[in-house]
Trainee: 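Sharing a structure below in structure tokens format, with a few things to ask.
Atoms considered below: every heavy atom in the structure, side chains included; atoms not considered: hydrogens, waters and symmetry mates. Note that the structure is predicted; figures quoted are calculated from it, not measured.
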Amino acid sequence: MAARRRVSDRLRAEAVAARRLPVLAVEAELAEEAQEVVADPGGARVVDERLRLVLLCAHPSLPREAAAALTLRLVLGVSTEDLARLFLVRTSAMAARLTRARKRLAGERFAVPVGAELAERVRVVGEVAYLAFTAGYAPGSGADVLRADVAGEAVRLVRVLRTVLPAPDPEVDALLALVLLQHSRRDARVRDGRLVLLPDQDRTRWHHDEIAEAIGLLTPLAHAAPAPYLLQALIAAEHAIAPTAAQTAWPRIVARYDELLALGDSPVVRLNRAVAVGEADGPQAGLAALAGLDLPGHRLPAARAELLTRAGRLDEARAAYDLAVDRCGNEAELAHLDGRRAALGTE
């Protein structure tokens with residue numbers, strides 16, 4: 001009986017393995033190639049296996065978003081569903097994108113690039129790390145307000161990234177400052193499992209050592225040329241140095257968003273700028289800044305609902321909250337939106 005059971009167990013295990021073999025074979029090959037590299041051609045040792053895998057996932061043969069998605073999936077274990085929400089595509093489309101990326105990398109040899117190619121690869125890794133941080137800081141689905149472990153891994157990835165650079169890179173320094181400033185609020189962002197927005201956070205619970213480190217990184221960059229991570233970090237720093245939410249320098253934040261838009265138009269930047277305009281110049285100005293903006297997901301109708309509420313346009317605010325609730329996939333944010341909607345009553 002024992003022998004028969006062992007054979008049965010073996011057959012069952014082989015059947016499971018056979019079903020997963022196509023994906024496992026590619027992932028095993030990627031991991032094996034990553035682990036074979038012990039030093040780059042320039043002699044600077046790459047000390048983190050995950051970083052080596054990230055560098056492979058940032059291979060130039062991959063489209064940028066495919067590289068980011070594959071890195072998040074393989075290195076940090078972000079679910080395909082969350083990746084789909086992060087990249088604003090259907091889950092089936094994201095699954096197909098990941099499969100194509102795996103197949104494309106399966107024929108590549110893994111070598112750590114040098115020179116301009118390394119600089120470009122590092123740029124991609126920076127984008128990937130920030131996307132990973134966003135997946136942890138503001139999960140698109142599930143019950144968690146945040147996933148501090150994922151966000152923490154992304155912060156670590158940026159730290160490791162800095163160690164392999166042949167020379168300091170201001171944008172990588174700015175990226176580290178940016179994620180540190182946002183990550184420093186993790187404990188204050190949750191209360192009894194509920195989302196706590198920035199204006200309502202207990203600032204004594206912020207990690208002020210991380211804020212100090214970030215400010216130290218930004219200080220030498222105060223007069224550097226505008227760049228995306230630098231400007232976002234400077235915006236985050238404005239929140240960090242404000243004694244209270246009411247004392248936030250919103251006009252300076254609006255000016256930073258204007259600089260960001262000058263570097264490249266983006267609906268997400270326009271949304272964030274409109275929120276800042278609403279704080280600096282009133283809700284009607286914020287609503288005007290939202291005019292014509294189109295963005296999937298719940299954040300646009302949620303921002304519009306908040307501004308409409310402050311403007312006293314409650315019927316429109318209820319409709320906007322209903323749309324935001326319908327689009328929201330994160331349970332903690334959904335509870336927050338439900339609460340805001342309920343506070344407006346039914347009339």
Trainee: Can you tell me how far CG of L74 sits from SG of C57, rounded to the nearest 0.5 angstrom?
Mentor: 5.0 Å
Trainee: Following the transitive rule for hydrophobic clusters with a side-chain heavy-atom cut-off under 4.5 Å over Ile, Leu, Val, Met, Phe, Trp and Tyr, establish whether V269 and L231 coincide in one cluster.
Mentor: yes
Trainee: Report the distance from atom CD of Q201 to atom CG of L195, rounding to the nearest 0.5 Å.
Mentor: 8.5 Å
Trainee: Look up atom OG1 in T71 and atom CD in E127, then write down how far apart they are to the nearest 0.5 Å.
Mentor: 11.0 Å
Trainee: With sequence neighbours excluded, what pairs up with R341 under the salt bridge (Lys or Arg N to Asp or Glu O under 4.0 Å) test?
Mentor: D322
Trainee: Is there a path of hydrophobic side-chain contacts, each under 4.5 Å between heavy atoms of I/L/V/M/F/W/Y residues, joining L197 to V190?
Mentor: yes
Trainee: For residues 249-257, which side-chain donor-acceptor pairs fall under 3.5 Å, sequence neighbours excluded?
Mentor:
| unit_1 | atom_1 | unit_2 | atom_2 | d |
| --- | --- | --- | --- | --- |
| R252 | NE | E238 | OE1 | 3.4 |
| R252 | NE | E238 | OE2 | 2.8 |
| R252 | NH2 | E238 | OE1 | 2.9 |
| R256 | NH1 | E259 | OE2 | 3.2 |

Trainee: Report the residues that fulfil salt bridge (Lys or Arg N to Asp or Glu O under 4.0 Å) with R203, sequence neighbours left out, ordered by chain and then residue number.
Mentor: none
Trainee: Do L261 and I235 belong together in a cluster built from hydrophobic side chains that touch within less than 4.5 Å?
Mentor: yes
Trainee: Look at the side-chain heavy atoms of Ile, Leu, Val, Met, Phe, Trp and Tyr, link any pair under 4.5 Å apart, and say whether L308 and L290 land in one connected group.
Mentor: yes
Trainee: For the pair H336 and R194, evaluate side-chain contact (heavy atoms from CB on, under 4.5 Å) and give the outcome as yes or no after the intermediate values.
Mentor: CA-CA 7 Å; H336 172 78; R194 292 180 290 107; over 6 Å; no
Trainee: Ignoring hydrogens, what is the shortest heavy-atom contact between H239 and R185? Give both atom names and the distance.
Mentor: CB-NH2, 3.8 Å
Trainee: Could you list the cluster mates of I215? Members are the ILVMFWY residues connected by side-chain heavy atoms closer than 4.5 Å, either directly or through other members.
Mentor: L181, L198, W206, I211, L218, L221, L230, L234, I241
Trainee: Could you list the residues that satisfy side chain to side chain donor-acceptor pair (under 3.5 Å) with R273, not counting sequence neighbours?
Mentor: D258
Trainee: For residues 212-227, pull every pair meeting salt bridge (charged side-chain N to carboxylate O under 4.0 Å, His left out), keeping only residues two or more places apart or in separate chains.
Mentor: R159-E213
Trainee: Does the pair R147/D82 count as a salt bridge with the N-to-O cut at 4.0 Å?
Mentor: yes
Trainee: Any idea which heavy atoms bring D173 and L217 closest together, and the distance?
Mentor: O-CD1, 3.9 Å
Trainee: Given side-chain contact (heavy atoms from CB on, under 4.5 Å), test L180 with V155 step by step and report yes or no.
Mentor: CA-CA 7 Å; L180 281 171; V155 173; 4.1 Å; yes
Trainee: From L146 CG over to Q182 CD, what is the distance, rounded to the nearest 0.5 angstrom?
Mentor: 12.0 Å
Trainee: Does R123 pair with D169 as a salt bridge, N-O distance under 4.0 Å?
Mentor: yes
Trainee: Rounded to the nearest 0.5 Å, how far apart are CG of L70 and CZ of R104?
Mentor: 11.5 Å
Trainee: Minimum heavy-atom separation for M94 and A69, please, with both atom names.
Mentor: SD-CB, 3.8 Å
Trainee: Do R304's NZ or CZ and the ring of Y321 fall within the cation-pi criteria of under 6.0 Å and 45°?
Mentor: no
Trainee: Just by distance, do the side chain of H207 and the backbone of D209 share a donor-acceptor pair under 3.5 Å?
Mentor: no
Trainee: Taking 4.0 angstrom as the limit, do R299 and E333 come out as a salt bridge?
Mentor: yes
Trainee: Which heavy atom of L62 sits nearest a heavy atom of A67, and at what distance?
Mentor: CD1-CA, 4.1 Å
Trainee: Please determine whether side-chain contact (heavy atoms from CB on, under 4.5 Å) holds for the pair L176 and V172, giving the CA-CA distance in whole Å, both sets of side-chain angles, and the decisive distance to 0.1 Å.
Mentor: CA-CA 6 Å; L176 180 56; V172 174; 5.7 Å; no
Trainee: Looking at N330 and D144, would you say the former's side chain and the latter's main chain have a donor-acceptor pair under 3.5 Å?
Mentor: yes
Trainee: For the atom pair CD (E316) and OG1 (T309), what is the distance rounded to the nearest 0.5 Å?
Mentor: 10.5 Å
Trainee: Quick one: salt bridge (Lys or Arg N to Asp or Glu O under 4.0 Å) partners of E331, sequence neighbours excluded?
Mentor: none
Trainee: Are H183 and F133 packed together at the side-chain level, in the sense that at least one heavy-atom pair is separated by less than 4.5 angstrom?
Mentor: yes
Trainee: Are side-chain heavy atoms of P301 and R327 found at a separation under 4.5 Å?
Mentor: yes
Trainee: E81: what forms a side chain to side chain donor-acceptor pair (under 3.5 Å) with it, not counting sequence neighbours?
Mentor: none
Trainee: Checking the side chain of R189 only, and the main-chain atoms of V196 only, is there a donor and an acceptor separated by less than 3.5 Å?
Mentor: no
Trainee: Quick check on the hydrophobic clustering: are Y229 and L263 connected, directly or via other members, by side-chain heavy-atom contacts under 4.5 Å?
Mentor: no
Trainee: Minimum heavy-atom separation for T80 and R73, please, with both atom names.
Mentor: OG1-NE, 3.7 Å
Trainee: Provide the closest heavy-atom pair for P267 versus L295 in the form atom of the first, atom of the second, distance.
Mentor: CB-CD1, 3.8 Å
Trainee: So do Q284 and L287 actually touch side chain to side chain, heavy atoms under 4.5 Å?
Mentor: yes
Trainee: Please list all pairs meeting salt bridge (charged side-chain N to carboxylate O under 4.0 Å, His left out) that have one or both residues in residues 214-228, counting only residues at least two apart or in different chains.
Mentor: none
Trainee: Could you pull out all residues at least two apart from E306 that satisfy salt bridge (Lys or Arg N to Asp or Glu O under 4.0 Å)?
Mentor: R310, R340
Trainee: Say whether, by atom type as modelled, one donor and one acceptor occur between the side chain of Q232 and the main chain of P228 under 3.5 angstrom.
Mentor: yes
Trainee: Sequence neighbours excluded, which residues qualify as side chain to side chain donor-acceptor pair (under 3.5 Å) partners of R100?
Mentor: none
Trainee: Taking side chain to side chain donor-acceptor pair (under 3.5 Å) as the test, write out the residues that go with T204, two or more places apart.
Mentor: D202
Trainee: Go through it in stages, so that I can follow the logic: the residues are V275 and L307, the test is side-chain contact (heavy atoms from CB on, under 4.5 Å), and I'd like the CA-CA distance, side-chain angles, deciding distance and then a yes or no.
Mentor: CA-CA 8 Å; V275 172; L307 290 168; 5.5 Å; no
